[in-house]
Amino acid sequence: MPLLRSNTADKFIVDRRKPHRNSDVARAVRRTRDRLSQQAGSLDFDRELLKLHARTMVVSATAMPILVLAIAATGLLAGLDKKIGIWALFTLLCYAIVAFMARRVERTEASQIDPSQARRDFLIGHFLCGLGWAWFAWFGCDTCQIDQFQVVKAMVLLVAMAATAVMASSLGGALLATFAIPVAVYAYAGARTWLPIEVIMAALLVTALPFFAYVARNLNQASLMLMSFRSEKDALIAEVETAKSMSDEARRRAEDANLAKSRFLASMSHELRTPLNAILGFSEVMANEVLGPMNNPTYRDYAHDVHESGQHLLDLINEILDLSRIEAGRYQLNEEPVMLLTIAEDCCHMMELKARNKDIRVIQDFETTLPRLFADERAVRQIALNLLSNAIKFTPSGGEVRVRVGWTAGGGQYISVKDNGPGIPEEEIPVVLSAFGQGSIAIKSAEQGTGLGLPIVQGLLAMHGGEFELHSKLREGTEAIAIFPLSRVMEELPALPTKTVAARRR
């Protein structure tokens, strides 16, 4: 029977292939940006450039007409005939056509623009404007009152050329379509008279045209690069928004799962402890023959096994609940001044019987004077008991467990439990410190645990701001160290003198 896979969305909230997909997208965007920086962009970029050109021409629609009107007014005042007025009307009409086309392209959606048709129309409009400037370059003025009229015309053409290079930079070839013929006409007119000043100005215009074309091309490349950066930014923003939505959904589901887990544990705690109390109580009554002797000794052994199994299950439930509360941040510390020496000594006495049954010596190596700690006594006691229980569990018969309590180098306090058991391989230490993690030696031993003791110790120490260290070598033993920070140590304050107290009371 083929394996059935679930197609629900829960299985694919977090796509583990996403980092690779993100790197592929980044590489594709980078390749596209490099391509756009070297050649003409895609069809969408062509449309964007046309829209940009149309917007620029609409915004600056009055710049060139003002220049034309100023030239016409100056020419009439200087004594030119009415031809300058006809030229001004023709040139204004040409720029009006270009502005009309720009307004139409600007109002059209980018997806509905035909790039080749729109570019052709714009170039035709600029060519008509160029015919107007060619007419101006052909003007002569034998009777006007302007000295060096050819020089003035050249300066006007330079100004118009510079303005067009800036305004029409988004449209490639617009400058050449506009001023190639005017410059040629001016050069031809200057070549006829062959005056030095006219030849110099013609050479200046011929040189300025490719220069301004180069400037316009660089501005066009800059606009194209800016669009590519904007496209990349939009793609990255889309990726970030997608990742954020997936992360929010995953977080929401994780919170729901955590809430469901907490409810389940709370419910199971009550539902399991209630029958366990009956199992433990009745099995203990039967094993101790409180209500009378049992004729079959096997039944008594079974009652002992039932009691031990129930106690093991109760311990497991308590450990799971403690670890769940610690991970969820719901473990409430009841902090008060406690003596670490006293707690360690009590825990050693509690485990003395278990150690004696395995012929294990528990050696206490305590410093004599230690100030109190500001900590949760139940948590500190649980830390010490878990470390002692693990040491006695995995120490062979005839071994020893050394318990030390003292100062740390940083001024804090520590409790260390060291055994001479089989030890833990170095590569298995992270496994042992994880929830439900057990080393290979623990799995092979007859007395297995739940694998929650050390994670609980780590969690409780973290809540106290402390640290947990585990050092082990094969066939030499293991040492577990629980360290409480300096901030938890309470220094004993000296008593105030009687006179000082009396003075303060007065």
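Here the side chains of Phe468 and Leu454 are in contact, with some heavy-atom distance below 4.5 Å. With contacts defined as side-chain heavy-atom distances shorter than 4.5 Å, the pair Arg300/Met286 does not qualify. The shortest distance between side-chain heavy atoms of Leu461 and Ile483 does not fall below 4.5 Å. Residues Leu49 and Ser223 are in side-chain contact: their nearest non-hydrogen atoms beyond the backbone lie under 4.5 Å apart. Residues Arg372 and Val338 are not in side-chain contact: their nearest non-hydrogen atoms beyond the backbone lie 4.5 Å or more apart. Using a 4.5 Å heavy-atom threshold, the side chains of Asp121 and Gln117 count as touching. Two residues are said to be in side-chain contact when any heavy atoms from C-beta on lie closer than 4.5 Å; Val417 and Glu479 fail this criterion. Two residues are said to be in side-chain contact when any heavy atoms from C-beta on lie closer than 4.5 Å; Phe484 and Val380 meet this criterion.
Shown here for Ala102 and Ala54, the closest heavy-atom pair between the two residues is O-CB, 3.3 Å.
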Please test Met227 against Leu52 for side chain to side chain contact (heavy atoms under 4.5 Å, CB included), starting from the C-alpha separation and ending with a verdict.
CA-CA 10 Å; Met227 289 180 183; Leu52 179 61; 4.0 Å; yes

Could you walk me through whether Met350 and Leu385 satisfy the side chain to side chain contact (heavy atoms under 4.5 Å, CB included) test, starting with their C-alpha distance in whole Å, then the side-chain angles of each, then the deciding distance to 0.1 Å, before giving a yes or no?
CA-CA 9 Å; Met350 292 175 62; Leu385 287 176; 4.1 Å; yes

Mind running side chain to side chain contact (heavy atoms under 4.5 Å, CB included) on Phe122 and His53 for me, showing each step along the way?
CA-CA 9 Å; Phe122 273 127; His53 176 70; 3.9 Å; yes

Could you go step by step and tell me if Val403 and Asp365 meet the side chain to side chain contact (heavy atoms under 4.5 Å, CB included) rule?
CA-CA 6 Å; Val403 183; Asp365 185 7; over 6 Å; no

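Under the side-chain hydrogen bond (donor to acceptor under 3.5 Å, both in side chains) criterion, the residue pairs touching residues 377-390 are Asp322-Gln382, Tyr331-Arg378, Glu377-Arg381, with sequence neighbours excluded.
Of the charged side-chain nitrogens involved, none lies within less than 4.0 Å of a carboxylate oxygen, so that Lys244 and Glu249 do not count as a salt-bridged pair.
Without hydrogens or angle criteria, Ser472 side chain to Ile424 main chain gives a donor-acceptor distance under 3.5 Å. The main-chain N or O of Asp376 is never found under 3.5 Å from a side-chain atom of Asn334 such that the two would form a donor-acceptor pair. Checking side-chain atoms of Gln413 against main-chain N and O of Pro371 turns up a donor-acceptor pair under 3.5 Å.
For Thr298, the side-chain contact (heavy atoms from CB on, under 4.5 Å) partners are Asn296, Tyr302, not counting sequence neighbours.
Open room surrounds CD on Glu109; 12 or fewer heavy atoms of other groups in view lie less than 6.0 Å from it. Within a 6.0 Å sphere centred on CZ of Arg252, heavy atoms belonging to other residues, nucleotides or ligands number more than 12.
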